[in-house]
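To keep things clear, I will list the structure first and then write my remarks on it.
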Amino acid sequence: MEGLSFANLAGGYNSLVDAIIRPPRFNYDIEDLGPKKFQLNGRTYQRTDVELQNDRNLTLQVSHFEPIPSERPAQFLPCVIYCHGNCGSRLDALDSIRCLLPYHITLLSFDFSGSGLSDGQYISLGIHEQNDLSTVISYLLSLSSVSRIGLWGRSMGAATSILFTHSHPSTISCLVLDSPFASLNQIAKELVESTQVRVPKMMVSLGLKIIRKSVSGRAGWDMEKLEVRESAGNWEPVMFVHGVEDKFVGKKHSEELYEKWKGEKTMMMVEGADHNSIRPGYVYDSVSIFFVNWLLSDFEKESFGTLDVNGGGGKKKKIREWKKKEKGEGEGGEEEEEGKEEEEEERRERRRMTVEEMEEKLVEEAILLSLMESENYNKGMGVGNGVEVKKGEGIVEEKKEVTSSGGGGRGRVTVEEVKAKLEEEERLMILLGSENDNEGMGVGNGVEVKKGEGIVEEKKEVTSSGGGGRGRVTVEEVKAKLEEEERLMILLGSENDNEGMGVGNGVEVKK
């Protein structure tokens, strides 16, 4: 036991106790939070500061960031609560503003009791903090303006989020957990073993008892009760983040919690990052995508204009690069080509349409695509520069006109003419079923209409006493006329049976 004395041993233990219950406290001025009203990406937001009383009658300092009322897209918006670490404060959430507010997700940050500007002398690494979080959530729900709640916790805040979610099922929609610990006893043991004061292994258990007794005597809570791993079997969607080089809370803590988690889960290990490292931009991008996917419905994404979150700002590219790095893949030509294709897909995704434009486009595509399914009546026909068809994408772009180089040199047929032919076809069909507009017309024994049943029975013929003495028009002639119109429509969709014809630049097919 050379170099070991009771004085420096006691000093070492006291330092460890302080690291647990009274780490350096971050003090700041309220002005450090920035202006109460600010602009971001052309929109105006506001910060509302409130004071709340927790279950121990300690005052919590709380800030809520959200759009100003006149720019609020809906009465109910989701909110993410940021839970800081043991040495942090609500200022830590300022880095999260840019990846939440632009997607219509509000942000609430606060100082846990014993931290920042809130009341309290000591922290408890989750035991009392989960009650602080409960106080904040009760306040949020009282506003009648929050649709869903997500939690974003760092270190102590991540452990607190796990404990609260376990004791309040169905309250939280999703969680991001950065550097959580699985067991405080395990952390204490690891700290004892890593201290500069060399402690024999046989004394580690004795040292832990001394630490637990000191924590209980000074802060009034029991370290034995802080086993976060026992609360990790939750079903809410979760995203774990951990620094690979974290020496304070090793990555094995997140790995253990990840294995115990029952719900949908993902893990992001950050290369070169330790416990307190500033997270790189791609981590914030991934967190943004995670919260948008789990806090906003598809309807809200569309109506709020957040459909391009997965492609905006090059986020997919950054995440793709991260995944490649994790897998140890090189940057070959194949990966670069794949990246270009994905970037092109991102650009297409960012083209937004109003709901009305989408509906109109879908109707138009449905009509044109239905014509493509037919393979009949194509002989003697030609397709010019009328329709561009992209197979596999379900997209049909209408161009100026359709040309026919066969069929007796009929020349150009525009899309408008085809639509006009459709209308004429409808008028012919009315001859078979309508009782109206019969002036100058005589319905002979060609069509029998049974009122109230919506049934039209074909008989021998249809007579017309008007129309310049055209005489009898049989049903077969009407059908022949309809088939002729259908052949004209096939110009827009067919690829087959073009014998004797030339396909110019009218239809471009991308297989």
Side-chain angles (χ1 to χ4, degrees), residues 16 19-20 23 82-88 92 95-96 99 123 125-126 129 150-166 174-196 201 204 208 223 226-234 236-291 318-329:
L16 291 175
I20 293 171
Y82 188 90
C83 303
H84 64 75
N86 65 334
C87 296
D92 296 351
D95 292 334
S96 310
C99 68
I123 64 171
L125 295 175
E129 284 75 10
L151 298 180
W152 186 349
R154 181 86 180 254
S155 189
M156 177 182 75
T160 299
S161 299
I162 295 173
L163 295 171
F164 176 86
T165 302
H166 181 73
C174 59
L175 305 90
V176 171
L177 305 174
D178 191 332
S179 311
F181 57 86
S183 166
L184 182 55
N185 279 321
Q186 185 176 338
I187 290 289
K189 181 180 178 181
E190 291 167 355
L191 289 174
V192 169
E193 292 174 343
S194 65
T195 183
Q196 293 180 352
K201 290 184 178 181
V204 170
L208 289 176
M223 287 176 55
L226 199 48
E227 290 293 320
V228 180
R229 58 165 63 96
E230 296 178 0
S231 300
N234 302 319
E236 290 78 3
V238 65
M239 175 180 178
F240 286 94
V241 180
H242 214 109
V244 174
E245 305 301 325
D246 193 335
K247 298 295 188 283
F248 185 70
V249 179
K251 63 180 182 178
K252 61 184 178 182
H253 286 265
S254 279
E255 291 170 344
E256 179 182 348
L257 294 170
Y258 177 89
E259 290 301 321
K260 289 181 176 293
W261 205 272
K262 295 178 180 178
E264 202 157 333
K265 54 192 175 182
T266 184
M267 171 80 80
M268 176 176 284
M269 288 293 178
V270 186
E271 293 287 346
D274 60 28
H275 191 70
N276 296 312
S277 295
I278 297 175
R279 299 309 187 215
Y282 69 82
V283 173
Y284 285 96
D285 291 338
S286 301
V287 169
S288 175
I289 293 171
F290 176 83
F291 278 131
K318 295 176 183 177
I319 296 171
R320 184 172 64 247
E321 290 173 351
W322 165 70
K323 287 182 177 179
K324 284 172 60 179
K325 185 177 180 181
E326 287 291 300
K327 294 178 180 179
E329 296 177 358

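The analysis underlying the following values was restricted to heavy atoms, covering all of them including side chains, and did not include hydrogens, waters or symmetry mates.
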Checklist entry - What residues, two or more places apart in sequence or in another chain, satisfy side chain to side chain contact (heavy atoms under 4.5 Å, CB included) together with Asn185? => result Ser183, Arg212, Met223, Glu224, Glu227
Item to check | Test item: Cys83 and Met156 side chains (from C-beta on) under 4.5 Å apart, heavy atoms | outcome: no
Item to check | Derivation and outcome, side chain to side chain contact (heavy atoms under 4.5 Å, CB included), residues Lys251 and Asp246 | outcome: CA-CA 7 Å; Lys251 63 180 182 178; Asp246 193 335; 5.9 Å; no
Checklist entry - Can you name the residues that form a salt bridge (charged side-chain N to carboxylate O under 4.0 Å, His left out) with Glu245, not counting sequence neighbours? => result Lys247
Checklist entry - Which heavy atom in Ala232 sits nearest to a heavy atom in Leu257, and how many Å separate them? => result CB-CD2, 3.7 Å
Item to check | Pairing residues for Phe164 by the ring pair (Phe, Tyr, Trp, His ring centres under 6.0 Å) criterion, not counting sequence neighbours | outcome: His168
Checklist entry - Looking at side-chain heavy atoms only, is the closest gap between Met269 and Glu255 below 4.5 Å? => result yes
Checklist outcome for this item: Contacts satisfying salt bridge (charged side-chain N to carboxylate O under 4.0 Å, His left out) that involve residues 256-269 (not counting sequence neighbours) are Arg229-Glu256
Next on the checklist: So Val283 and Ser286, do their side chains get closer than 4.5 Å, heavy atoms only?
Outcome noted: no
Checklist entry - Under a 4.5 Å cut-off applied to non-hydrogen side-chain atoms, are Val270 and Ser277 in contact? => result no
Next on the checklist: Enumerate the salt bridge (charged side-chain N to carboxylate O under 4.0 Å, His left out) contacts for residues 274-284, please, sequence neighbours excluded, ordered by first and then second residue.
Outcome noted: Asp178-Arg279
Item to check | Nearest atoms (heavy-atom pairs only) where Ala159 meets Leu125 | outcome: CB-O, 4.3 Å
Next on the checklist: Would the distance check show the side chain of Ser288 and the main-chain N or O of Cys99 forming a donor-acceptor pair, the cut-off being under 3.5 Å?
Outcome noted: yes
Checklist entry - Residues two or more places apart in sequence or in another chain: which of them pass ring pair (Phe, Tyr, Trp, His ring centres under 6.0 Å) with His253? => result none
Checklist entry - Is there side-chain contact between Phe248 and Ser179, with at least one heavy-atom pair below 4.5 Å? => result no
Checklist outcome for this item: CZ (Phe290) and CG (Leu175) are apart, to the nearest 0.5 Å, by 7.0 Å
Checklist entry - Between Ile20 and Ile187, is a side chain to side chain contact (heavy atoms under 4.5 Å, CB included) present by the stated rule, with each step listed? => result CA-CA 10 Å; Ile20 293 171; Ile187 290 289; over 6 Å; no
Checklist entry - Any idea how Trp152 and Phe291 line up, ring-wise: parallel (<30°), tilted (30 to 60°), or perpendicular (>60°)? => result tilted
Checklist entry - In Å and rounded to the nearest 0.5 Å, what is the CD1 to CZ distance from Ile162 to Phe181? => result 8.5 Å
Item to check | Residue pair Ser254, Leu177: steps toward the side chain to side chain contact (heavy atoms under 4.5 Å, CB included) verdict | outcome: CA-CA 9 Å; Ser254 279; Leu177 305 174; over 6 Å; no
Item to check | For the student: nearest non-hydrogen atoms of His275 and Ser155, plus distance | outcome: NE2-OG, 2.9 Å
Checklist entry - Do Thr160 and Leu151 come close enough that some side-chain heavy atom pair is under 4.5 Å? => result no
Next on the checklist: Between Trp261 (side chain only) and Glu236 (backbone N and O only), is there a donor and an acceptor less than 3.5 Å apart?
Outcome noted: yes
Next on the checklist: On a heavy-atom basis, which atom in Tyr82 and which in Arg154 lie closest, and how many Å separate them?
Outcome noted: OH-CB, 3.7 Å
